[in-house]
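First the structure, in the form of structure tokens, and then the observations on it.
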Amino acid sequence: MSYTEYNQAQYEHFFDFGGAADETISIKGPKGKAGRLWDYGVYGCIEVMNGASVTPKIAIGTTSNPDAYGEELDLNALADNEATSLRILYDEIADATSFDALLVEPDIPADTEVYMTLTGATSSPTGQATAFCIIRWDL
């Protein structure tokens with residue numbers, strides 16, 4: 001994959017993390033093109049993220065492995081009007097170990113269907129925000 005020339009796409013979905021139900025969003029890249037997960041998280045938070053026994057999370061992966069590309073990012077206690085993402089939380093150079101551990105395997109093979117898994121919170125859950133992931137597709 002070329003890292004200097006790419007087609008970057010952002011995929012978004014507004015989700016009620018306090019609804020106590022999970023949701024999976026399917027993402028299909030350009031036919032025949034490999035990709036690389038660049039970032040994922042939430043923005044436009046309009047309620048504090050809260051959950052006790054299950055906390056709100058986002059992960060990027062496949063049907064068989066929901067966090068194959070991006071490990072579950074816990075959103076618990078995220079405040080109103082706050083945003084968070086992998087690149088906000090971790091400095092790729094200073095926190096290389098943490099950053100790499102969350103990205104898991106950033107390279108996405110060509111013609112692979114990617115899934116953004118949104119985990120709803122339980123036990124007095126709240127939290128609404130727009131979940132997103134950014135993938136750089138090869139040209």
Side-chain angles (χ1 to χ4, degrees):
M1 177 171 182
S2 169
Y3 297 106
T4 56
E5 295 182 25
Y6 50 83
N7 174 19
Q8 182 167 297
Q10 181 164 319
Y11 304 90
E12 305 175 348
H13 181 72
F14 182 79
F15 184 64
D16 183 357
F17 288 91
D22 300 344
E23 193 164 341
T24 303
I25 310 305
S26 172
I27 299 167
K28 293 182 182 178
K31 187 162 179 58
K33 302 299 180 184
R36 175 170 273 239
L37 179 61
W38 185 249
D39 197 9
Y40 61 100
V42 296
Y43 69 89
C45 188
I46 60 172
E47 276 183 344
V48 174
M49 296 285 183
N50 181 45
S53 56
V54 175
T55 58
K57 297 177 186 72
I58 178 174
I60 310 297
T62 63
T63 53
S64 60
N65 186 357
D67 58 1
Y69 305 116
E71 193 64 58
E72 289 182 329
L73 187 58
D74 197 322
L75 307 170
N76 209 33
L78 191 66
D80 287 355
N81 300 315
E82 194 173 355
T84 193
S85 76
L86 186 64
R87 291 186 182 275
I88 288 172
L89 291 174
Y90 298 95
D91 180 311
E92 191 170 4
I93 296 168
D95 301 324
T97 304
S98 299
F99 189 84
D100 292 343
L102 281 171
L103 259 182
V104 186
E105 175 51 59
D107 293 327
I108 301 166
D111 301 320
T112 299
E113 191 166 9
V114 177
Y115 291 90
M116 180 166 45
T117 301
L118 308 172
T119 303
T122 61
S123 302
S124 302
T126 61
Q128 296 179 37
T130 299
F132 75 92
C133 76
I134 298 172
I135 298 175
R136 290 183 168 182
W137 300 105
D138 204 4
L139 288 179

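The analysis underlying the following values was restricted to heavy atoms, covering all of them including side chains, and did not include hydrogens, waters or symmetry mates.
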Determine whether Gln128 and Phe15 satisfy the following criterion, side chain to side chain contact (heavy atoms under 4.5 Å, CB included), listing intermediate values before the conclusion.
CA-CA 6 Å; Gln128 296 179 37; Phe15 184 64; over 6 Å; no
With sequence neighbours left out, write down each residue that passes salt bridge (Lys or Arg N to Asp or Glu O under 4.0 Å) with Glu92, or none if nothing qualifies.
Arg87
State the CG-CG distance between Leu78 and Asn81, to the nearest 0.5 angstrom.
10.0 Å
Taken to the nearest 0.5 Å, the spacing of Tyr43 OH from Glu12 CD works out to 3.0 Å
To the nearest 0.5 Å, tell me how far Lys33 NZ sits from Asn7 CG.
9.5 Å
For the residue pair Asp39 and Ser85, what are the closest heavy atoms and their distance?
OD2-OG, 2.9 Å
Just so I know, are the side chains of Trp38 and Ile135 near enough to count as touching, which here means a heavy-atom distance under 4.5 Å?
no
The side chain to side chain contact (heavy atoms under 4.5 Å, CB included) partners of Thr55 (sequence neighbours excluded) come to Lys57, Asp74, Asn76
Which residues share a side chain to side chain contact (heavy atoms under 4.5 Å, CB included) with Thr63, sequence neighbours left out
Tyr115
If I compare all heavy atoms of Gly127 with all of Met49, which pair ends up nearest, and what's the gap?
CA-SD, 3.6 Å
Please name the pair of heavy atoms, one in Val42 and one in Ala129, separated by the smallest distance, quoted to 0.1 Å.
CB-CB, 4.0 Å
Lys/Arg-Asp/Glu bridge criterion (N-O < 4.0 Å) met for Asp107, Arg36:
yes
Under the side chain to side chain contact (heavy atoms under 4.5 Å, CB included) test, which residues partner Ser64, sequence neighbours left out?
Thr62
Does Val48 sit in a hydrophobic cluster with other residues, and if so which ones, taking ILVMFWY side chains as linked at heavy-atom separations under 4.5 Å, directly or through other members?
none
What's the separation between atom CG in Asn65 and atom OG1 in Thr117, rounded to the nearest 0.5 Å?
9.5 Å
Compare all side-chain heavy atoms of Ile60 with those of Val114 and state whether any distance is below 4.5 angstrom.
yes
Shared hydrophobic cluster for Leu89 and Phe99 (ILVMFWY, side-chain gaps under 4.5 Å)
yes
Scanning both residues in full, the closest heavy-atom pair of Tyr40 with Leu102 reads OH-O, 3.3 Å
Mind listing the side-chain donor-acceptor pairs of residues 20-31 below 3.5 Å, one per line with the distance, residues two or more places apart or on another chain?
residue, atom, partner, partner atom, Å
Asp22, OD1, Gly120, N, 2.9
Glu23, OE2, His13, NE2, 3.0
Ser26, OG, Glu113, OE2, 2.2

For residues Tyr90 and Val104: do they belong to one hydrophobic cluster (side chain heavy atoms under 4.5 Å, members Ile, Leu, Val, Met, Phe, Trp, Tyr)?
no
Atom pair CG (Leu75) and OG1 (Thr119), whose distance is rounded to the nearest 0.5 Å:
9.0 Å
Can any side-chain N or O of Asp95 pair as donor or acceptor with the backbone N or O of Ser98 at less than 3.5 Å?
no
When every non-hydrogen atom of Gln10 is compared with those of Phe132, the smallest separation belongs to NE2-CB, 3.9 Å
After noting the C-alpha distance and the side-chain angles of Ile134 and Gln8, does the key distance pass the side chain to side chain contact (heavy atoms under 4.5 Å, CB included) rule?
CA-CA 7 Å; Ile134 298 172; Gln8 182 167 297; 3.4 Å; yes
Quick check: does any side chain N or O of Thr122 sit under 3.5 Å from a backbone N or O of Val54, one acting as donor and the other as acceptor?
yes
Can you tell if the side chain of Thr126 reaches within under 4.5 Å of the side chain of Ser124, non-hydrogen atoms only?
no
When every non-hydrogen atom of Gly18 is compared with those of Pro125, the smallest separation belongs to O-CG, 3.2 Å
